[in-house]
There are 2 protein chains.
Amino acid sequence: MGAQPTVSDVADIAGVSRQTVSNVLNAPELVRPATRERVEDAIRVLGYRPHASARRLRTQKSSTIGIRLDPTTQDGISGSILDRFLHALTERADRQGLRVLLFTADDPDDEIEQFRRLSDAADVDGFVLTSTFVGDPRTQWLIDHGRSFVTFGRPWGIDDMTDPQHLWVDVDGRSGLRDATRHVLGLGARRVGYLGWPAGSGTGDDRRLGWLEAMREAGTVPEAGLASLEAASEDMVPSGAEAMRRLLEAAAAGGGLDALVCASDSLALGALTVVGRSIPIVGYDNTPIAASLGFSSVEQPLDEVAAGVLELLTGAHGGRVDTDAPVEDPRHRLIAPRLVVRSGDALVSPN
Amino acid sequence: MGAQPTVSDVADIAGVSRQTVSNVLNAPELVRPATRERVEDAIRVLGYRPHASARRLRTQKSSTIGIRLDPTTQDGISGSILDRFLHALTERADRQGLRVLLFTADDPDDEIEQFRRLSDAADVDGFVLTSTFVGDPRTQWLIDHGRSFVTFGRPWGIDDMTDPQHLWVDVDGRSGLRDATRHVLGLGARRVGYLGWPAGSGTGDDRRLGWLEAMREAGTVPEAGLASLEAASEDMVPSGAEAMRRLLEAAAAGGGLDALVCASDSLALGALTVVGRSIPIVGYDNTPIAASLGFSSVEQPLDEVAAGVLELLTGAHGGRVDTDAPVEDPRHRLIAPRLVVRSGDALVSPN
DNA sequence: TTGTAAGCGTTATCAG
DNA sequence: CTGATAACGCTTACAA
């Protein structure tokens, strides 16, 4: 290892003052080209790299964003979502000279305690929140304490779209399910079922709406018949399978099911274990499972989400809403997902 | 937000010098109880928290470990492994006052460049490496440049177990597969097949050995017959399915297959799509898929791995091998995995 | 046991 | 355009 060189070392070699070295790094236009080049040479020769902590102390910015790593839910298939998002976020953050710091928390209150710790210690400049839910106490705390943050996920309050209190990026699940439903309708299906989550989850209700809209638009099933085409279950494969069986029974009276769209790949897999490949099934999240088993799925463009999050965090608003950013500056990004269509050959079916 | 209080503020309130405040924090035993209490009160009242960057600058330690977030392989099922490991690592690191900083890299060379960046800038004190492979250039670079690091995964060189150059933690996949094989043998199976990866992958060869040992030990199949009981494929569901078909053909001559153990859950799922639940199948990694579909799988105790990694990184060796730590201090941890047995009811099979 | 003084490596301010 | 001086908030000799 050996001691890292400092600005002084560079200054000595280049025959300038420490200050000039700093200028070359932070305000190159202030320094005469000849001098600049000399300094840059010295930097290269010494392999000098600014000491991050020193810089952070001096500038009073950590250039670091904190993100909580969810407790990995053992049962959901979609754990890799956060993983992919994290990757995209880290990569993009890096390009802007931002670091990503991880933390964990047992529950929302604990998470708030971590917010306090990390920001009081000036360890991070802002936070990225995931998996927001209705009445989320975390965002309120962050707002009350003037912390910078952006959520991946809408606040799911009354005023979502216009809420000026809160910067967010989200994927338009409703349009995703609308597309999925239209897709199978386009394949000739008339009676398209929906396997979703219990009402009240924001995300889930929104996705369901997409299915509903597409079905109403198509008019292949009378309004009164739609209720028998949907079932709900928590986001796990076995309970999804169970819900699928209920759904089949309910739908049988009206003429069965031609196709199925789901709120998640977990549910889609659950359904798959029940009906095999007898009807088209569309999942959500485009997890490796969907790719492996070859069923279509709605993909969240996580790279775009990450880009949006960083824009909001570092842009005019600086991750805060009480700034003097022009009011017309958008405070959120609603990103359209993309349906990944797969041939869906009978990979899982009986031999 | 407002300005955070500093040691000076605390000192003023408590009526002591800055120094005493620092002592209360870093060497409480040096300060008289009465004074200490007064200072602690002041700290509480002000909500004081030491400025992390200032401390890091002064102490010349970042108290941060860097870990690369792998590019999420779209096809493997086991992406969540890193995810769970990361969670365990972050949680444990936090308890020791360590932070976990993420970075990404496109390839090993790029990763080395990141090592250089992060350690030159004193952003991290050490690294945790995952997915090591034979002839990994990264570890060599880290050794050559005297950087602290621990790998999750053996170096897979000639001298693995005794290599004093390199601190590592790994899961004993061989014993995992031995257990898995013994388990199905215990269920009455005689001809247990093995679905693995192409030779040369270290991890894969090791796991295969576990199967081989258990089969030899059981003696239910003559040595010459073992070759027709194994097949290899890259770690993806469809190619696993294909390999399974080959395996079935090859095994048919000798009397078919009674059970199957696999190098991964991806392969297990591939096999499952071919033979359904007609024979017991054991996977590896205990991913959500195994839990969801109800097949047995070998679980890596990632929490123990994380603990081991941190011990090695912060313990006597300090993540480096050229220290004056007593030679008898263990330089690696080989952790036994745990077989998770599931009833394996016919979830995926025909309706 | 407590206080004083110095310095970690950087950048901001303000002369020249 | 360049260079001296001071400070960011903390800890660590050393002295009292």
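Convention: sequence-line order gives letters A, B, ...; per-chain numbering from 1. Keep in mind it's a predicted model, so treat the numbers as computed, not measured.
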Check DNA chain D against residues 15-22 of chain B and give the residues with a non-hydrogen atom under 4.0 Å, in numerical order.
-> B/Arg18, B/Gln19, B/Ser22

Listed in order of residue number, which residues of residues 30-48 of chain B have a non-hydrogen atom at under 4.0 Å from DNA chain D?
->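 Contacts with DNA chain D under 4.0 Å: B/Tyr48.
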
Residues in salt bridge (charged side-chain N to carboxylate O under 4.0 Å, His left out) contact with [X], at least two apart in sequence or another chain:
| X | value |
| --- | --- |
| A/Asp125 | none |
| A/Arg138 | A/Glu111, A/Asp136 |
| A/Arg333 | A/Glu311 |
| B/Arg44 | B/Asp41 |

Regarding B/Thr104 and A/His87, is there a side-chain donor-to-acceptor distance under 3.5 Å anywhere?
->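 Short answer, no.
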
Under 3.5 Å donor-acceptor, A/Arg38 side chain and A/Ala14 backbone = yes

Would you say A/Trp168 and A/Leu129 make side-chain contact, with heavy atoms under 4.5 Å?
->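 A side-chain contact under 4.5 Å is absent here.
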
Decide yes or no for B/Arg116 and B/Trp141: does some side-chain heavy atom of the first lie under 4.5 Å from some side-chain heavy atom of the second?
-> yes

Start and end of chain A contact along DNA chain C [non-hydrogen atoms, under 4.0 Å] = C/dG9 to C/dT13

In Å and rounded to the nearest 0.5 Å, what is the [atom1] to [atom2] distance from [X] to [Y]?
| X | Y | atom1 | atom2 | result |
| --- | --- | --- | --- | --- |
| B/Leu313 | B/Leu167 | CG | CG | 8.5 Å |
| A/Glu113 | A/Asp106 | CD | CG | 11.5 Å |
| A/His51 | A/Arg58 | NE2 | CZ | 16.0 Å |
| A/Leu118 | B/Asp94 | CG | CG | 8.0 Å |

A/Phe127 vs A/Phe103 aromatic rings, parallel, tilted or perpendicular, using cut-offs 30° and 60°?
-> perpendicular

Which residues in residues 49-58 of chain B have at least one heavy atom lying under 4.0 Å from any atom of DNA chain C?
-> B/Leu57, B/Arg58

Should A/Asp123 and A/Arg99 count as an ion pair when the cut-off is N to O under 4.0 Å?
-> no

Could you give the start and end, 5' to 3', of the contact zone on DNA chain D for chain A, using atoms under 4.0 Å from its heavy atoms?
->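 Both ends considered, the range comes out as D/dC1 to D/dG9.
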
Residues forming a side chain to side chain contact (heavy atoms under 4.5 Å, CB included) with A/Asp9, sequence neighbours excluded = A/Pro5, A/Thr6, A/Leu46

With B/Ile43, which residues qualify under side chain to side chain contact (heavy atoms under 4.5 Å, CB included), at least two apart?
->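 If we apply the side chain to side chain contact (heavy atoms under 4.5 Å, CB included) test to B/Ile43, skipping adjacent residues, the hits are B/Val10, B/Leu25, B/Val39, B/Tyr48.
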
Begin from the C-alpha positions of A/Asp110 and A/Arg117 and carry the test salt bridge (charged side-chain N to carboxylate O under 4.0 Å, His left out) through to its verdict.
-> CA-CA 10 Å; A/Asp110 188 26; A/Arg117 267 198 5 169; over 6 Å; no

Rounded to 10°, tell me the angle between the two end axes of the helix from C/dT1-D/dA16 to C/dG16-D/dC1, each built from five pairs.
-> 40°

